[in-house]
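Reading through the structure tokens given below for one structure.
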2 protein chains.
Amino acid sequence: MASAHEQFRDLAWKCGLAATHQRQIIYEAVTATPGHHSVEAVFAEVRGRTPSISLATVYKNLRLFVEHGLLREVSPHSSMLLVEGNLEPHHHLICTRCKAVQDLDAADFVNFKKLARRAPRGFDLSRPLVEVFGLCRRCSAKT
Amino acid sequence: MASAHEQFRDLAWKCGLAATHQRQIIYEAVTATPGHHSVEAVFAEVRGRTPSISLATVYKNLRLFVEHGLLREVSPHSSMLLVEGNLEPHHHLICTRCKAVQDLDAADFVNFKKLARRAPRGFDLSRPLVEVFGLCRRCSAKT
DNA sequence: TCTTGGATTATAATAATTCTCGTTTAAGAA
DNA sequence: TTCTTAAACGAGAATTATTATAATCCAAGA
């Protein structure tokens, strides 16, 4: 069984990335525990092991790992405030790359009964908003 | 038939908000055209009618309108970068208020065939990510 | 070992958003 | 209508998250 260290070196090699010590511990900080990790949290954890590490390094490598598919980004949407006046129940289709948003008026692709069963008790889904992420044609063409 | 002006005064009154000129034109800038509006776009439009208006006023009132349900926010998620190491296909349940994220491991509430039919041609849904927004128990209790 | 291009660091810069506070205004009361 | 007052506005400063820059540093192949 390969060590975590060796596993990462292997992954990095497959992506053509140098397997530096910093990347190693950033990757491990995210994958060691399940759930969702903020940059601050990763930075705090990583600094415990390598106090000289820079926040910019954490940012850069998290983005790099996401680009190469080693990590996933939670909610890969535009970081700016967007509003809409359409209050009719409808949903959104968002391009992960260019962040363009399109409306999906028919919600028949979501089974809200099943969804409600999956949600934890007390979670209010009375006015649900569903957003689906993918790559728009233009961005998937570029690759 | 009430004018747009009167309609807004009525809406504002129902929410207990003062119907100021600035609010009027901000609201109209968003609702006059369908689709998704950035703060910059709203500001630019609104400044054409009332050059003295402040960007802070636009921000403040857009947030206010969203809080009161007069407008919807597109992607009401945490504005900070979050990553996860779990690469297994799974989805997210996000609290609109506190931005907490939970995993939804079973995707059986989404009919991907129907979804693909709804999406525009060429939109790449080969690795779909679905995020569902609502209010977690704690936040819906506070109201 | 040596070389070299990519990686890291500290710091500066940027961009989006929010806060502060003095001024103005909406809207109910007189 | 005028008065009163809490709320709203405007200008610019402040804050926060993130990215760019430029000088070292190091991983990895020759």
Side-chain angles (χ1 to χ4, degrees), chain A residues 5-6 8-29 36-44 46-68 70-71 73-83 99, chain B residues 5-6 8-29 36-44 46-68 70-71 73-83 99:
Chain A
H5 189 77
E6 284 162 342
F8 175 75
R9 294 182 68 84
D10 191 46
L11 276 173
W13 180 83
K14 279 179 189 156
C15 300
L17 301 175
T20 67
H21 175 65
Q22 287 88 341
R23 284 176 181 173
Q24 177 88 45
I25 60 173
I26 290 168
Y27 180 78
E28 282 173 12
H36 315 99
H37 303 258
S38 70
V39 176
E40 267 315 310
V42 173
F43 183 50
V46 140
R47 215 166 23 167
R49 294 225 261 151
T50 300
S52 72
I53 202 166
S54 155
L55 181 58
T57 300
V58 176
Y59 269 104
K60 206 178 302 177
N61 286 305
L62 288 178
R63 288 232 176 275
L64 194 72
F65 292 159
V66 168
E67 269 173 34
H68 285 83
L70 273 65
L71 297 178
E73 180 178 356
V74 178
S75 301
H77 37 58
S78 160
S79 63
M80 290 182 303
L81 176 61
L82 287 179
V83 295
K99 317 303 186 190
Chain B
H5 189 76
E6 284 162 343
F8 175 75
R9 292 184 69 85
D10 191 48
L11 277 172
W13 181 83
K14 279 180 189 156
C15 301
L17 300 175
T20 67
H21 174 67
Q22 287 88 341
R23 284 176 181 173
Q24 176 89 45
I25 61 173
I26 290 167
Y27 179 79
E28 282 174 12
H36 314 99
H37 302 258
S38 70
V39 177
E40 266 316 309
V42 173
F43 183 50
V46 140
R47 218 171 16 171
R49 292 227 260 152
T50 300
S52 72
I53 201 166
S54 155
L55 181 58
T57 299
V58 176
Y59 269 104
K60 206 179 305 174
N61 287 303
L62 288 178
R63 287 231 178 277
L64 194 72
F65 292 160
V66 168
E67 268 172 35
H68 285 83
L70 273 66
L71 298 178
E73 180 179 356
V74 179
S75 300
H77 40 60
S78 160
S79 62
M80 290 183 302
L81 177 60
L82 287 179
V83 295
K99 317 301 186 191

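Here is how names work: the chains are called A, B, and so on, in the same order as the sequence lines, proteins then strands, and each is numbered from 1. Computed from a predicted structure; not experimentally measured.
For the pair A:His5 and A:Glu28, the tightest heavy-atom approach, listed with the atom from each and the gap, is N-OE2, 4.1 Å. Nearest approach of A:Ala18 to A:Arg23, heavy atoms of both residues: O-NH1, 3.0 Å. What you find for A:Thr57 and A:Ile26 is that their closest heavy atoms are O-CD1, 3.9 Å. Nearest heavy atoms, B:His77 versus A:Ser75: CB-OG, 4.1 Å. The two atoms that bring B:Phe43 and B:Val58 nearest to each other are CD1-CG2, 3.7 Å, heavy atoms only.
When the side-chain nitrogen and oxygen atoms of A:Thr20 are compared with OP1 and OP2 of C:dG6, none of them lie within a distance under 4.0 Å. Checking the phosphate oxygens (OP1, OP2) of C:dA26, no side-chain nitrogen or oxygen of B:Arg9 falls inside 4.0 Å.
Taken to the nearest 0.5 Å, the NZ atom of A:Lys60 stands 11.0 Å off from the CD atom of A:Gln22. For the atom pair A:Leu64 CG and A:Leu71 CG, the distance stands at 10.0 Å (nearest 0.5 Å).
Each of B:Ala56 and B:His21 has a nearest nucleotide on DNA chain C; the 5'-most of these lies closest to B:Ala56. Heavy-atom distances to DNA chain D give each of A:Lys60 and B:Ile53 a nearest nucleotide, and the one nearer the 5′ end belongs to B:Ile53.
One atom, CE of A:Met80, and another, C1' of C:dT14, lie 14 Å apart when rounded to the nearest Å. Atom pair B:Leu55:CG and C:dT18:C1' shows a separation of 10 Å (rounding to whole Å applied). Atom-to-atom, CZ of B:Arg23 to P of C:dT25 comes out at 15 Å; the value is rounded to the nearest Å. One atom, OH of B:Tyr59, and another, P of C:dC19, lie 13 Å apart when rounded to the nearest Å. Distance B:Glu40 CD to C:dA16 P: 7 Å, rounded to the nearest Å. Distance CZ (A:Arg47) to C1' (C:dT9): 14 Å, rounded to an integer number of Å. Spacing between atom NZ of A:Lys99 and atom C1' of C:dA16 amounts to 16 Å, rounded to whole angstrom units. In this structure, B:Trp13 places its CH2 atom 16 Å from C1' of C:dA26, rounding to the nearest Å.
Chain A approaches DNA chain D over the interval D:dA17 to D:dA28, counting the first and last nucleotide 5' to 3' with an atom under 4.0 Å from its heavy atoms.
Nucleic acid contact for A:Thr57: base, since at least one base atom lies under 4.0 Å from a heavy atom of the residue. If you check every strand for non-hydrogen atoms under 4.0 Å, A:Ala19 touches sugar and phosphate atoms only.
In the set C:dA7, C:dA26, C:dC19, C:dA7 carries the atom at the smallest distance from any side-chain atom of A:Ala18.
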